[in-house]
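Written out below as structure tokens is the structure these notes cover.
Reckoned from all heavy atoms, side chains included, excluding hydrogens, waters and symmetry mates. Below, chain A is the first sequence line, B the second, and so on; all start at residue 1.
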2 protein chains.
Amino acid sequence: MEKAITLSEKAPPAKPARSNRKVENREDKTRVRLSQQVIISTAADLFARNGFGATSLDDIGEALGVTKGALYYHIKNKEEILKLIFMTVLAVSEEPLRQIARAEIPPADKLNRAIAHHSAVAADRSPAMQVFYREDVHLTGPFAREIAARKKAYERLFEEIIEEGIRLGQFRQDIDPKIAAFGILGMCNWLSQWYRPGRAYNPQQIASFFSQLAEFGLVLQDEK
Amino acid sequence: MEKAITLSEKAPPAKPARSNRKVENREDKTRVRLSQQVIISTAADLFARNGFGATSLDDIGEALGVTKGALYYHIKNKEEILKLIFMTVLAVSEEPLRQIARAEIPPADKLNRAIAHHSAVAADRSPAMQVFYREDVHLTGPFAREIAARKKAYERLFEEIIEEGIRLGQFRQDIDPKIAAFGILGMCNWLSQWYRPGRAYNPQQIASFFSQLAEFGLVLQDEK
DNA sequence: CACAGATTCTACCGCATGTTTAAATAAATA
DNA sequence: TATTTATTTAAACATGCGGTAGAATCTGTG
């Protein structure tokens, strides 16, 4: 039962002076307690920056000051981390939009609020949102289908708001609601690609620009 | 100079009956001639569908009916395939937009054409565009910086068109040109995420909807 | 047909990665 | 303190991947 002989004999387990690790850990401030929450949060950052496939569990462990083995006490496997990130995004985005869609206010106001809501999610949860829209190809099986369905339902709410506006004669009749919904969603989603906190504008201001754009457009009407 | 002893002794080179492969190849129609072009085109499809990291050279070879070894006669390595995809996108998008930006026409017309151009690229080169905006994290070194710079220059052209419209008093004064440019670009870029050929609308029609949205918005002004 | 160059295949290497296991340690409890 | 439970480590594993080298095959040309 010979072991495979590799070329580079790694430094054999020379029982390195134990507890030299503890020193390192203590010095980098109070170590954050490991949990699903911090794992998926850290993982979302890394996935957003380097991609799901290019981020190893070693990377995640290193970012947390822990060996990758420790991660397995809190999560089932790598894909579950991804799944949890997707669930996080849906958890903060679905219900508020549903409430906006069924509120009893003019369609233009609904659109305003929907844009504000979605922009806020895209900006505040930027890493998770980037993962949500870039790494969906790595989901498999029933969960992948569920995410796709809920994503579509979410988009459909935007569509319905626009349909309502058209039906009530408040929105232009010559624009396809599905295309318009995709356009507006694309506008907001793109936020997560370029927005970084602490820049010139905050998410609310950006959302207000987007609302102006979506409602009235850029071109100055000769009003009156 | 012993080789490493592995556990599973692969079936030794038992010289399998040669030329059983040729039959397979002949039957699947006339085989496409291998070249950089078809490699990057096929790779773009696979990268777009499964991601760069999750697509192996074996996958690309299999899609082309060829072993991965053959690929290396035409390309240097995997990253070069990615680079060539990026170059393709820039090759078809940069120059036309520059011409639109410097044309002597009203800013609104420039914006129209820019949106039509960018939408067309996003729709027609959908796989390459998806790769362009999703897999940039896998570029390294000077090339990564060059792509980032040219991407920014491209966005800047949209921004300048809007600035011109504002300066000439033809666009609303209360919208930040940079934010508006990002919004419009996001709208178009998102196309490559959902557009599939042969659906209800073609790229020109979609672009026209987007132009309406960006210029006049959704809300019906009480004109008169 | 003979030859040369172009192209592809086969077989392999080294390495990184996701996952598992048992042992070691830390924290909680009594 | 003694014992149990929770958490982390260390080490190994199986696998798949990017990349390489040389043999094999194809293609065109004299």
Length of the [atom1]-[atom2] vector between [X] and [N], whole Å:
X	N	atom1	atom2	result
A:His138	C:dG18	NE2	C1'	14 Å
B:Leu71	C:dT10	CG	C1'	15 Å
B:Phe52	D:dC17	CZ	P	13 Å
A:Ile60	C:dT19	CD1	C1'	14 Å
A:Arg33	D:dT7	CZ	C1'	8 Å
B:Leu34	C:dT7	CG	P	9 Å
B:Gln36	C:dT7	CD	C1'	15 Å
B:Lys68	C:dT10	NZ	P	13 Å

Exercise for the section: Please work out if B:Ser56 contacts a base, only the sugar-phosphate, or nothing of the nucleic acid, heavy-atom cut-off 4.0 Å. Expected result: sugar-phosphate
Exercise for the section: Give one of base, sugar-phosphate or nothing for B:Ser35, where a contact means two heavy atoms less than 4.0 Å apart. Expected result: nothing
Exercise for the section: Indicate whether any N or O donor in one side chain lies under 3.5 Å from an N or O acceptor in the other, for A:Gln204 and A:Ser208. Expected result: no
Problem - Side-chain H-bond candidate by donor/acceptor type, B:Ser56 with B:Asp59, under 3.5 Å - result: yes
Problem - Phosphate contact (C:dT8 OP1 or OP2) by B:Tyr73 side-chain N/O below 4.0 Å - result: no
Practice task
Go through the N and O atoms of the side chain of A:Lys78 and the base of C:dT19, and report whether any donor-acceptor pair is under 3.5 Å.
Solution key: no
Practice task
Determine yes or no for a side-chain-to-main-chain donor-acceptor pair under 3.5 angstrom, with B:Lys78 supplying the side chain and B:Thr55 the backbone.
Solution key: yes
Exercise for the section: Fit a plane to each ring of B:His138 and B:Phe52, take the angle between them on a 0 to 90° scale, and name the class: parallel (under 30°), tilted (30 to 60°) or perpendicular (over 60°). Expected result: tilted
Problem - Closest to the B:His74 side chain, choosing from D:dT8, C:dT7, C:dG18 - result: C:dT7
Handout entry: Nearest-neighbour nucleotide for the B:Leu57 side chain, D:dA10, C:dT10, D:dG18 considered
Key = D:dG18
Problem - Ring centroid separation B:Tyr201 to B:Tyr195 under 6.0 Å - result: no
